[in-house]
Each structure stands twice: as C-alpha cells, then as structure tokens.
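Throughout, protein chains are lettered first and strands after them, A, B, ... in sequence-line order, and every chain is numbered starting at 1.
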There are 2 protein chains.
Amino acid sequence: MARHLSDDELAAYFALRGAGDRLQRVVAQQLRAHDLTEVQFAILAQLGSGTDGIGMSELARGLVVTKSGLTYQAGQLESRGLVARRPSTDDDRGVLLHLTPDGRALLARVLPAHITLVRELFIDRIDPADLAIVRDALAQVARD
Amino acid sequence: MARHLSDDELAAYFALRGAGDRLQRVVAQQLRAHDLTEVQFAILAQLGSGTDGIGMSELARGLVVTKSGLTYQAGQLESRGLVARRPSTDDDRGVLLHLTPDGRALLARVLPAHITLVRELFIDRIDPADLAIVRDALAQVARD
DNA sequence: TATTGTTATACTCTATAACTATA
DNA sequence: TATAGTTATAGAGTATAACAATA
C-alpha cells in the first residue's frame, strides 16, 4: 500500500478538488439568482430529460437523496408551480413528478446560462487537443 | 456567445462533475467513520499544515465560511478535545486555533486513509503519462 | 412481505445581525 | 471607524422512523 502521494500527484488531486469545488460554487451562485438550489436544479434537469414524468423513488435514487428529502423538495417546487404530481397509471402506489409549463420555461432560461458558465470556466480553458484526455481520465474516476 | 456544448464537451463536463461528486461523496463517507464532516476535516488539515495556530478570521476566509460558522465548528471540535483556543499575543482581540495532541493524532490516523482513497479512486486510474495534462487542465479551471 | 410515498420529528448546519472588546 | 470573535436566533435542509396504501 502506497503511503504517500508525490508532489505531482498531490497537485493533481488539489487541482481536481479545486476545479470541482470552484465549478460547484459558481454554479450554485448562478442558480441562486433564479432562486434554485443545486438539488432543485438537478430535479428539474432530470425531469426535463424525458417527457413522461419520473417516479419519486426512482428520482430519489438517481439523485442520491432519501424519499422524504425528495418529498420535501418536490413540495418546494410544486408550491412554486414548477413541477406537478400525477398518479401513476401502472402502479396505484406511484406518483409521477413532471415539469409544468412554467417549470419547463424556467429550465429553458437557466440552461443556456449554465452552459455558458461551463464553457467559460471549463471548456474554454482547456486546450482542445487535451479535452479528450481529461474527459477519459475523469470518466474513469466516476466509474464504479 | 456559444449556445450549446458539443457531445464531447458535454461528456467532459459530466465527467468532471461526476468525478468531483464521486470523490466528495466517498471522502465524506470515509470521514464519517471518524465522526468528522468535511468542514471539520478541512479545519484540522489547515491547522495541521503549520505549527503555530491560525486566527479565526483568517481561517474562516480560507475555508469560505462565515466567522460565526467557524465559531460553531471550532466549538464542536473543541468539545471533543481536538482543537484548543489560545489568545493571540500580538493582537489582544485575536484567538488562535490550534490542534491538541489528540487532534494531531486523529489527523495522523485519518490522513493515510484519505491518501489511499485518493490513490485508488483518482491517481491509479489515470495513465501516468496523462496525469500532468489533467493536472494542468484542472488547475486552469480553479484559477481566478 | 416488500415497496411507494407522505408525515412527524429531531437534528445539523449556516448565515444575519447585534454585541463586546480591541486596533 | 474598522476588525476580531462570540452569541442569539431563525431558517433551510436532511435523515429516521412510523404510517397507510398497494404490489
């Protein structure tokens, strides 16, 4: 078992944490301007990917939160008219969460700003020739 | 202004967020086994870098938290005997926070496990030839 | 029996503002 | 006046456990 990290390895680790933290902080700040937290944005983004609505349990698993935590956040978003609950047709226990038109409109306003931020802070700072290497390397880290 | 991200760019962004989130989640889990939160670990790690103690305001700025937030966390750590407050000699308003022997001992137990985790999850998954590229690229993202 | 979703509840953490003391 | 640090306080968010309804 290795007992230490070399200077280069430590620098790489700090760079990863620094980049991840920076991006998270700036994104959170941008979302706050739309009165959204990161969790709420993640919910809207998930719901925006499909068109059919997503069950509460499945959504909670995908976002790595508890069911009760999601119930709370869904309530917050529902009270603002951004999402709505619909009973599931296949499973009488189920509830499908989906975007309202207002929710979809908000997402459509927020996403471009989000993308611009990602470009400014991340993509545009990396030599295009290196981007594939960075992508593949980081994908390995996220891999189970 | 660019209005979208290419598939490759999007994949790179997801990889960065995925890697950052993954690392944060796993590290938090490991720290929880020592009854430490990430903030508390960050405080201990900062205090462990030097030997002289750090002022509350300076520490709060470094960790991007408010003074009152740090007062709370310092109180948590102090009640567990991991840190101690000492009045500053140069500035009668100041308080220097420093590690107790117990705090230093805990840090000495936690750090190797932390380093092993970083190696397993990050360093060892990247081709050594690519590590410098990843490091430099990510350092650009963290840069102001 | 297991799963879906909600509720009640308690707890942790964070920030704001007010305050004291010193620079 | 500004800064160091604490305190009081309130608010947001999260998890646990108990619950009802359905699979």
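- Side-chain atoms of Ser88(A) do not come within 3.5 Å of backbone N or O of Val95(A) as any donor-acceptor pair.
- Using a 4.0 Å heavy-atom cutoff across all strands shown, Gly94(A) reaches sugar-phosphate atoms only and no base atom.
- Rounded to whole angstrom, the span from the CZ atom of Arg25(A) across to the P atom of dT14(C) amounts to 15 Å.
- OP1 and OP2 of dT14(D) both lie 4.0 Å or more from every side-chain N or O belonging to Thr66(A).
- Rounded to whole Å, the distance from OH on Tyr72(A) to C1' on dT7(C) is 14 Å.
- Spacing between atom CD of Gln29(A) and atom P of dT14(C) amounts to 18 Å, rounded to whole angstrom units.
- Of all the residues in residues 74-91 of chain B, Arg85(B) reach under 4.0 Å from DNA chain D with at least one non-hydrogen atom.
- Checked by distance alone, Ser68(B) brings no side-chain donor or acceptor within 3.5 Å of a matching partner on the base of dT14(C).
- In the hydrophobic clustering of ILVMFWY residues, with side-chain heavy atoms under 4.5 Å counting as a link, Leu96(B) and Leu59(B) come out apart.
- dG5(D) atom C1' lies 13 Å from atom CG of Leu59(B), rounded to whole Å.
- Between the CG atom of Leu96(A) and the P atom of dT4(C) there is a distance of 13 Å, rounded to whole Å.
- Nearest nucleotide to the Val39(B) side chain, out of dT14(C), dG5(D), dA21(D): dT14(C).
- Atom NZ of Lys67(B) is separated from atom C1' of dA21(C) by 12 Å (rounded to the nearest Å).
- Rounded to an integer number of Å, the gap from Met56(A) CE to dT22(D) C1' is 17 Å.
- In this structure, the separation between CD1 on Ile43(B) and CG on Leu107(B) is 12.0 Å, given to the nearest 0.5 Å.
- Taking 4.0 Å as the cut-off between side-chain N and carboxylate O, Arg32(A) and Glu38(A) do not count as a salt-bridged pair.
- Side-chain proximity of Gln73(B) to dT14(C), dT22(C), dA4(D): nearest is dT14(C).
- Taking the side chain of Ser57(B) as heavy atoms from C-beta on, and the options dT4(C), dG13(D), dG5(D), the nearest nucleotide is dG5(D).
- Phe122(A) has its side chain out of reach of Arg17(B): every pair of non-hydrogen atoms, C-beta onward, lies at least 4.5 Å apart.
- Nearer the 5' end of DNA chain D, as judged by each residue's closest nucleotide, is the contact made by Thr37(A), out of Thr37(A) and Asp92(A).
- Salt-bridge annotation for Glu9(A) and Arg135(B): absent, with no side-chain N of the basic residue lying under 4.0 Å from a carboxylate O of the acidic one.
- Taking atom CZ of Arg93(B) as the reference point, atom P of dT1(D) lies 17 Å away to the nearest angstrom.
- The main-chain N or O of Ala113(A) is found under 3.5 Å from a side-chain atom of Gln30(A) such that the two form a donor-acceptor pair.
- For Val95(B), counting side-chain heavy atoms from C-beta on, the closest listed nucleotide (dG5(D), dT14(D), dT22(C)) is dG5(D).
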